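One structure is given below, encoded as structure tokens.
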Amino acid sequence: MSENSQILSSFPAKLYIIATPIGNISDITYRAIETLQRVDIIAAEDTRHSGRLLSHYQIKKPMIALHDHNERERSKMLIGKIKNGQAVALISDAGTPLISDPGYHLVNECRASGVDVVPIPGPSAVITALSCAGLATDRFTFEGFLPAKEKGKQDKLKALIEEKRTMVFYESPRRIIDTVKQVILIFGADRKLVIARELTKAFESFYSLTASEMLIWLEKDTNHCRGEFVLIIAGANLQEDSLPQDALNTLRLLKEQLPLKKAAALTAQIHQQKKNELYKWGLDHL
Ligand code: SAM
């Protein structure tokens with residue numbers, strides 16, 4: 001055995017957090033493949049799903065399922081194996097583990113018990129979407145999935161009403177229409193949105209529209225709601241929206257039934273805002 005192959009066969013016993021493709025199977029780094037080839041065990045969210053990726057790259061390794069329901073129990077076992085000298089990789093179904101995916105408990109436990117954790121970076125839908133969305137990227141906040149239930153979703157969005165940074169969400173095709181409706185109610189119809197759909201896949205597409213235009217587009221054709229979605233919401237533009245969003249929403253609603261002057265006066269009373277500012281905003285926007 002050469003000196004080189006001796007080094008190759010002793011791979012450091014650590015936990016390797018490895019990013020895998022989010023669609024296009026070629027989006028995987030050389031280092032990710034080398035690491036997957038050299039670890040002793042691969043922990044995966046869904047072993048059948050990840051088995052297809054591994055067989056594409058002719059990687060054959062013992063696999064173990066690690067998902068939300070067994071992560072605590074499996075973490076103990078995997079840490080035991082690493083302490084016994086084995087190298088373990090963690091991958092998820094797509095993208096970077098721990099980013100709206102399992103692995104937090106395992107990494108946390110490794111750190112607590114002095115086991116090294118090594119990142120092998122690569123794709124993640126949040127960064128991929130942001131990189132081409134055309135919204136501000138100097139500061140952003142990743143919000144993951146919104147709660148499925150209406151009240152939880154509204155509360156979460158209301159808590160972000162004054163957020164000036166670009167906001168990134170993951171969303172399922174079943175909920176995207178409802179979410180955009182809630183965005184209109186809470187952030188207003190004019191807020192700029194970007195939907196990044198099917199990233200790195202055959203039908204990859206970006207739509208950059210106001211919230212109300214986005215709703216019209218989604219409802220136009222059921223095919224528009226198919227696939228995987230990242231929803232990006234522009235941060236609050238405080239110069240333009242110096243009036244609170246809930247006051248603007250009230251004004252919009254009242255303006256549907258009343259003359260602007262009356263609607264502005266009522267909104268001013270309800271939200272303790274200046275009547276003239278609301279009236280001026282209404283003249284510009286409604
Ligand atoms: N760990 C992954 C990552 O790093 O992006 C995210 C996993 S999370 C369970 C899955 C969600 O990510 C999808 O519902 C979708 O919102 C988003 N996503 C993943 N792949 C995507 C793609 N190719 N195009 C658009 N969104 C995607």
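Whatever order the structure lists ligands and atoms in, that order sets their numbers, starting from 1. Residues take their numbers from the sequence shown, with the count starting at 1. Note that the structure is a prediction, hence the values are computed from the model and not measured.
Within the structure, ligand 1 has A125 among the residues with a heavy atom less than 4.0 angstrom away. For T200, the closest heavy-atom approach to ligand 1 does not fall below 4.0 Å.
Considering backbone and side-chain N/O of I22, one or more are found under 3.5 Å from N/O of ligand 1. Residue contacts with ligand 1: R197 is placed with no nitrogen or oxygen under 3.5 Å of a nitrogen or oxygen of the ligand (distance criterion only). Between V126 and ligand 1, a contact under 3.5 Å exists for no N or O pair.
Across all non-hydrogen atoms, the minimal contact from W281 to R252 is CH2-NH2, 3.5 Å.
Open room surrounds NZ on K192; 12 or fewer heavy atoms of other groups in view lie less than 6.0 Å from it. The 12-atom threshold is exceeded at NZ of K61, counting heavy atoms of other residues, nucleotides or ligands nearer than 6.0 Å. The number of heavy atoms from other shown groups lying within 6.0 Å of OH (Y104) does not exceed 12. Applying the 6.0 Å contact sphere to NZ of K201 captures more than 12 heavy atoms from other residues, nucleotides or ligands.
Atom numbering of ligand 1 starts at 1 in the shown order; those under 4.0 Å from a heavy atom of T96 are 1 (N), 3 (C), 4 (O). Ligand-side atoms of ligand 1 in range of K201: 23 (N), range being under 4.0 angstrom from any heavy atom.
Atom 7 (C) of ligand 1 has as its closest protein heavy atom D101 OD2, 3.3 Å. Scanning the protein for heavy atoms near atom 9 (C) of ligand 1, the closest one is S100 O, 3.2 Å. Counting protein heavy atoms only, atom 21 (C) of ligand 1 is closest to E228 OE1, 3.5 Å. With hydrogens left out, the protein atom closest to atom 17 (C) of ligand 1 is Y170 CD2, 3.8 Å, a heavy atom. Considering only non-hydrogen protein atoms, atom 26 (N) of ligand 1 sits nearest to V230 CG2, 3.5 Å. With respect to atom 2 (C) of ligand 1, the closest heavy atom belonging to the protein is A94 O, 3.2 Å. Scanning the protein for heavy atoms near atom 15 (C) of ligand 1, the closest one is F229 O, 3.4 Å. Of the protein's heavy atoms, F145 CZ, 4.0 Å lies nearest to atom 10 (C) of ligand 1.
When non-hydrogen atoms are compared, ligand 1 lies under 4.0 Å from neither the backbone nor the side chain of E204. Counting heavy atoms closer than 4.0 Å to ligand 1, residue L199 contributes atoms from both its backbone and its side chain.
Under a 4.0 Å N-O distance rule, the pair K153/D178 qualifies as a salt bridge.
Rounding to the nearest 0.5 Å gives a distance of 9.0 Å between CG of L260 and CG of L278.
The aromatic rings of Y16 and F11 lie parallel to each other, their planes meeting at an angle below 30°, with 60° marking the opposite boundary.
Taking the six-membered ring for Trp, Y170 and F142 have ring centres closer than 6.0 Å.
For the 3.5 Å distance criterion, the side chains of R226 and N223 qualify, holding a donor opposite an acceptor.
Proximity annotation for atom 3 (C) of ligand 1: of S124, S205, P123, S124 comes nearest, heavy atoms only.
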> Given the rule in the side chain to side chain donor-acceptor pair (under 3.5 Å) test, do S75 and E109 qualify, once you have shown the distances and angles that lead to the verdict?
Replying inline: CA-CA 7 Å; S75 295; E109 285 289 301; over 6 Å; no

